[in-house]
> 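Here it is, the structure, as structure tokens.
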Amino acid sequence: MRFQAPRGTEDVVPNESRTWVWLEQTFRELCHRYGYSEVRTPTFEDTGLFTRGLGEGTDIVNKEMYTFVDRGGRSITLKPEGTAPAIRAYVEHSLGSQGQITKLFYVTPIFRYERPQKGRLREAHQTGLELIGAQTPESDAEVIEMSVRFYEMLGLRNLAARINSLGSNESRKTYREALLEHARPLLADLPTEFRERCEKNPLRILDSKDETLRERLTDAPVILNYLDDESRRHFEAIQGCLSALDIPYVVDPRIVRGLDYYTGCVFEIHAEGIGAQSALCGGGRYDGLIEEIGGPPTPAVGVAMGIERALLALEVSGAAPAFEPLLHLFAVCLTERHAEFCKIVSQLRGQGIRVDTDLQFRSAKSQFRQADKSGASLALAIGDDELDSGTFKLKRLADGAEFTSTADTLYEDTLAYVSRS
RNA sequence: GCGGUGGUAGCUCAGGGGUUAGAGCGCCUGACUGUGGCUCAGGAGGUCGUGGGUUCAAAUCCCAUUCGCCGCCCCA
């Protein structure tokens with residue numbers, strides 16, 4: 001029986017794993033520069049954390065969660081996003097004290113039962129930030145800035161944040177009524193399933209990709225005209241910060257986000273050429289979530305960024321990095337005294353040299369062929385003569401030049417020739 | 001959940017009812033017994049996604065199923 005990775009999951013094979021590690025390191029470096037610390041939370045949580053945190057009406061909760069009952073009768077859910085678990089940990093361990101800001105970041109798999117397509121998997125990976133305890137527009141701006149900087153650090157260019165404000169709960173309610181009033185007649189000929197969804201969360205119709213629907217909604221009311229004074233000032237202040245920081249952004253009133261916990265400013269960054277699922281990241285302010293899941297009322301703002309989508313964008317942009325081979329040296333065994341050969345290799349490894357060998361002890365020709373393919377800069381041939389005399393030849397594989405070395409200086413000589421090639 | 005499209009060697013693909021299913025690349029071995037890349041000569045490797053059906057005969061036609069890809073919905 002042959003097995004395949006389950007539908008919507010992917011293996012990251014050796015050629016790709018270095019790019020992943022590099023991306024994660026880049027993200028961690030960014031976070032450390034801004035004073036964020038990493039939090040790692042379990043792969044699964046109490047189902048209630050998500051139904052409560054994300055909202056009963058959201059698609060994720062309604063049809064995309066991997067939920068099961070464990071042997072103890074508990075309802076368990078594989079995490080479909082990173083914010084609710086991070087906030088749960090924040091509350092559970094009292095990571096923030098009153099009046100203090102807590103800055104967390106995470107790198108995590110997420111699970112959503114969806115139909116896979118380009119840029120959309122059932123197990124995906126996200127990096128994310130949570131800035132907890134601050135209400136200032138500068139904190140919204142910092143999260144947006146970090147998102148943009150992250151993609152810049154990866155080598156992606158010409159990306160702009162799309163920002164919007166959902167306003168306060170009251171102003172959003174007023175707007176919702178107005179939008180629904182305007183849209184209802186326009187939706188009459190659409191499938192009932194779609195209409196029901198719109199009744200539940202009218203903001204959703206704004207980011208529909210349906211061309212005819214988009215045209216019909218061109219003169220729909222705009223949420224930004226419904227903001228109360230405080231929300232408006234906050235949103236304008238964020239824009240002021242972004243301009244001062246030279247962060248490219250556009251105001252896009254159609255950005256509404258799919259999770260119920262968002263309040264105030266929301267944003268996304270999109271990339272071209274990575275398929276229909278073009279959002280690289282999405283985030284915003286969620287001032288009600290912490291209280292919702294049992295913590296003290298605390299303002300917060302965050303973002304989640306899709307790793308697979310960032311990698312797709314890197315691929316199409318041609319900005320993906322090329323890596324040097326990992327190996328320094330390939331040791332070729334030309335003697336029957338395998339134990340002595342292995343000892344020399346082991347000593348080099350113990351000193352920090354990266355060495356590979358042919359453990360099948362094939363012909364010299366095969367071993368040199370393998371040395372060439374291994375990407376190592378140097379080949380070291382070890383035969384009876386070398387073992388007896390303690391004198392070795394290092395061959396530079398790029399041009400075939402040979403250098404002599406001794407048992408005592410092998411380590412230094414290897415390093416010297418590697419760094420020079 | 002809905003619609004479209006595809007699955008043949010490790011990879012990229014050809015073959016679209018008729019004897020032992022092919023190519024390129026990759027892999028292995030060798031070309032005077034301890035030296036790679038180039039060239040040459042050999043070689044290994046395939047349940048033709050899976051299950052059923054039609055037929056004297058199925059990789060090829062039909063049905064189902066599964067997985068991929070593209071899109072919708074939605075999102076990272």
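In what follows, chains are A, B, ... by sequence order, proteins preceding strands, each numbered from 1. Side-chain atoms are counted along with the backbone in the values below, which use heavy atoms only and exclude waters and symmetry mates.
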> Within less than 4.0 Å of OP1 or OP2 of U29(B), is there a side-chain N or O belonging to S366(A)?
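Affirmative; the distance criterion is met.
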> May I ask you to say what R7(A) touches in the nucleic acid, namely base, sugar-phosphate or nothing, with a heavy-atom cut-off under 4.0 Å?
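Result for R7(A) = sugar-phosphate.
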> Whole angstroms only, please: what is the CG-P distance between L259(A) and C74(B)?
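It works out to 13 Å between those atoms.
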> Using the P atom in both, what is the distance from G7(B) to G49(B), to the nearest Å?
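Those two atoms are separated by 8 Å.
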> Does E123(A) reach a base, just sugar-phosphate, or nothing at all? Heavy atoms under 4.0 Å.
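No contact.
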> For G282(A) and R120(A), take the nucleotide of RNA chain B holding the closest heavy atom to each; which residue's nucleotide lies nearer the 5' end?
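Whichever sits nearer the 5' end wins; that is R120(A).
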> Using a heavy-atom cut-off of under 4.0 Å over every strand shown, decide if L280(A) touches base, sugar-phosphate, or nothing.
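The answer is sugar-phosphate, as L280(A) gets under 4.0 Å only of primed atoms, P, OP1 or OP2.
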> Would you kindly give the CD-to-C1' distance between Q370(A) and U35(B), to the nearest whole Å?
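Taking atom C1' of U35(B) as the reference, CD of Q370(A) is at 14 Å.
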> Can you figure out which of U29(B), C73(B), G71(B) approaches the side chain of K63(A) most closely?
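Selected nucleotide (nearest to the side chain): C73(B).
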> Return the pairing partner of U12(B) with a 3.5 Å limit on both distances, Watson-Crick or G-U wobble; otherwise return none.
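Paired with A23(B).
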> Y34(A) and E145(A): side-chain donor and acceptor closer than 3.5 Å?
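Looking only at side-chain atoms, E145(A) and Y34(A) do form a donor-acceptor pair, the distance falling under 3.5 Å.
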> Which whole-number value in Å describes the distance from R112(A) CZ to G1(B) P?
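Roughly 18 Å, once rounded to whole Å.
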> Using a heavy-atom cut-off of under 4.0 Å over every strand shown, decide if A304(A) touches base, sugar-phosphate, or nothing.
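The answer is sugar-phosphate, as A304(A) gets under 4.0 Å only of primed atoms, P, OP1 or OP2.
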> Under a plain distance cut-off of 3.5 Å, with no hydrogens placed, do E412(A) and Y417(A) share a side-chain donor-acceptor pair?
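No, no side-chain donor-acceptor pair sits under 3.5 Å.
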> Under a 4.0 Å N-O cut-off, is there an ion pair linking R33(A) with E29(A)?
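A salt bridge is present here (some side-chain N lies under 4.0 Å from a carboxylate O).
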> Does a distance-only test, which skips hydrogens and angles, find a donor-acceptor pair under 3.5 Å between the side chain of R115(A) and the base of G68(B)?
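Side chain to base: no pair present.
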> Separation of D59(A) atom CG from C72(B) atom P, in whole Å?
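Distance check: D59(A) CG to C72(B) P gives 15 Å.
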> Classify G119(A) by what it touches in the nucleic acid, base, sugar-phosphate, or nothing, heavy-atom distance under 4.0 Å.
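Answer is base: heavy atoms of G119(A) come under 4.0 Å of a base.
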> Indicate whether any N or O donor in one side chain lies under 3.5 Å from an N or O acceptor in the other, for T41(A) and K79(A).
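K79(A) and T41(A) do have a side-chain donor-acceptor pair below 3.5 Å.
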> Starting at atom CG of L378(A), determine the distance to atom C1' of U35(B), rounded to an integer number of angstrom.
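Rounded to whole Å, this separation is 14 Å.
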> Paired with A44(B): which nucleotide, if any, by Watson-Crick or G-U wobble criteria at under 3.5 Å for both distances?
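WC or wobble partner does not exist here.
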> Rounding to the closest angstrom, what is the interatomic distance between C25(B) and A31(B) at atom P?
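About 22 Å, rounded to a whole number of Å.
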> I'd like the P distance from G46(B) over to U8(B), given in whole Å.
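These two P atoms come out 15 Å apart once rounded.
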> Would you classify T127(A) as touching base, sugar-phosphate or nothing, given that sugar-phosphate means primed atoms plus P, OP1 and OP2, and contacts are heavy atoms under 4.0 Å?
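T127(A): no heavy atom of the nucleic acid under 4.0 Å.
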> May I have the distance from K118(A) (atom NZ) to G6(B) (atom C1'), rounded to whole angstrom?
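Taking NZ of K118(A) and C1' of G6(B), I get 16 Å after rounding.
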> Does any donor atom in the side chain of T406(A) or T391(A) lie under 3.5 Å from an acceptor atom in the other side chain?
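Absent: no donor and acceptor within the cut-off.
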> If only side-chain N and O atoms count, and only distance matters, is there a donor-acceptor pair under 3.5 Å linking Q25(A) with R28(A)?
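No - no donor-acceptor pair under 3.5 Å links their side chains.
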> Counting side-chain heavy atoms from CB outward, which of G30(B), G36(B), C72(B) is closest to K395(A)?
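The listed nucleotide nearest to K395(A)'s side chain is G36(B).
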> To the side chain of F368(A), which of G36(B), G30(B), G34(B) is closest?
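For the F368(A) side chain, the nearest candidate turns out to be G36(B).
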> Which sits closer to the 5' end of RNA chain B, C281(A) or P6(A), going by the nucleotide each is nearest to?
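Final value for this comparison: P6(A).
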> So do E81(A) and L259(A) actually touch side chain to side chain, heavy atoms under 4.5 Å?
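Yes - at least one pair of side-chain heavy atoms lies under 4.5 Å apart.
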> With a cut-off of less than 4.0 Å, is there a side-chain N or O of Q117(A) near OP1 or OP2 of C70(B)?
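Result: no.
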> Taking atom types as modelled, find out whether S389(A) and D385(A) have a side-chain donor-acceptor pair closer than 3.5 angstrom.
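Judged by distance alone, the side chains do not pair up.
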> Can you label the angle between the F361(A) ring and the F341(A) ring as parallel, tilted or perpendicular, going by 30° and 60°?
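Plane angle over 60°, so perpendicular.
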> Which base, if any, makes a Watson-Crick or G-U wobble pair with U55(B), both distances under 3.5 Å?
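Result: none.
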> Picking from G1(B), A76(B), C69(B), which would you name as closest to the side chain of Y113(A)?
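The nucleotide sitting nearest to the side chain is G1(B).
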> Return the value, rounded to whole Å, for the distance between atom CG of N62(A) and atom C1' of G1(B).
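My rounded result for the distance is 13 Å.
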> Taking U47(B) as the reference, what is the distance to G51(B) when you measure between their P atoms (whole Å, please)?
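Here G51(B) and U47(B) have their P atoms 12 Å from each other.
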> Looking at the side chain of A381(A), which of A76(B), U35(B), C73(B) is the nearest nucleotide?
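From the listed options, U35(B) comes nearest.
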> If you look at every strand shown and take non-hydrogen atoms under 4.0 Å, does S363(A) touch a base, only sugar-phosphate, or nothing?
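Sugar-phosphate contact only - S363(A) comes under 4.0 Å of backbone atoms but never of a base.
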> Can you tell me how far P in G36(B) sits from the matching atom in U20(B), rounded to whole Å?
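Each nucleotide's P atom is 43 Å from the other's.
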> For G4(B), does the O4'-C1'-N9-C4 or O4'-C1'-N1-C2 angle fall within 90° of 0, making it syn, or is it anti?
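Classified anti.
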> To the side chain of E386(A), which of G71(B), C75(B), G34(B) is closest?
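Among G71(B), C75(B), G34(B), the one nearest the side chain of E386(A) is G34(B).
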> Please classify the nucleic acid contact of G283(A) as base, sugar-phosphate, or nothing, using heavy-atom distances under 4.0 Å.
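No contact at all - G283(A) keeps every heavy atom at 4.0 Å or more from the nucleic acid.
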> Checking only heavy atoms, does the side chain of D372(A) share a donor-acceptor pair with the base of G36(B) at less than 3.5 Å?
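Answer yes: a donor N or O sits under 3.5 Å from an acceptor.
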> Is there a donor and acceptor pair closer than 3.5 Å between the side chain of R309(A) and the base of C75(B)?
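Check passes, donor-acceptor contact within cut-off.
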> Under 3.5 Å, is there a donor on one side chain and an acceptor on the other for T335(A) and D384(A)?
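On atom types as modelled, these side chains qualify, holding a pair under 3.5 Å.
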> Taking any strand in view, what nucleotide pairs with G68(B) in a Watson-Crick or G-U wobble way, both distances under 3.5 Å?
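The base-pairing partner of G68(B), which may sit in any strand shown, is U5(B).
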> Looking at the base of G1(B), is there any donor atom on it, or on the side chain of E64(A), that sits under 3.5 Å from an acceptor on the other one?
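By the distance-only test, no, there is no pair.
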> Report the nucleotide, chosen from C2(B), C67(B), G36(B), that has the shortest atom-to-atom distance to any side-chain atom of Q4(A).
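Closest nucleotide to the Q4(A) side chain: C67(B).
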> What's the gap between A23(B) and A14(B) when it is taken at their C1' atoms, as a whole Å value?
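Taking atom C1' in both A23(B) and A14(B), they lie 7 Å apart.
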> When rounded to the nearest Å, what value does the distance between C1' atoms of U66(B) and C74(B) take?
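Going atom to atom, C1' in each nucleotide, I get 24 Å.
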> Over how many whole Å does the gap from H270(A) atom NE2 to C74(B) atom C1' extend?
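Rounding to the nearest Å, NE2 of H270(A) and C1' of C74(B) are 12 Å apart.
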> Which of the following nucleotides, G30(B), C70(B), G34(B), is nearest to the side chain of A364(A)?
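Taking heavy atoms from C-beta onward, the closest nucleotide is G34(B).
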> Nearest to the side chain of K365(A) - A31(B), A76(B), C73(B)?
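Comparing A31(B), A76(B), C73(B) against the side chain of K365(A), the answer is A31(B).
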> Can you tell me if the side-chain N/O atoms of K373(A) get under 4.0 Å from OP1 or OP2 in C27(B)?
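For C27(B), OP1/OP2 do have a side-chain N/O of K373(A) under 4.0 Å.
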> Could you measure between the two C1' atoms, the one in G18(B) and the one in A57(B), and give it in whole Å?
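Nearest-Å result for G18(B) against A57(B) at atom C1': 7 Å.
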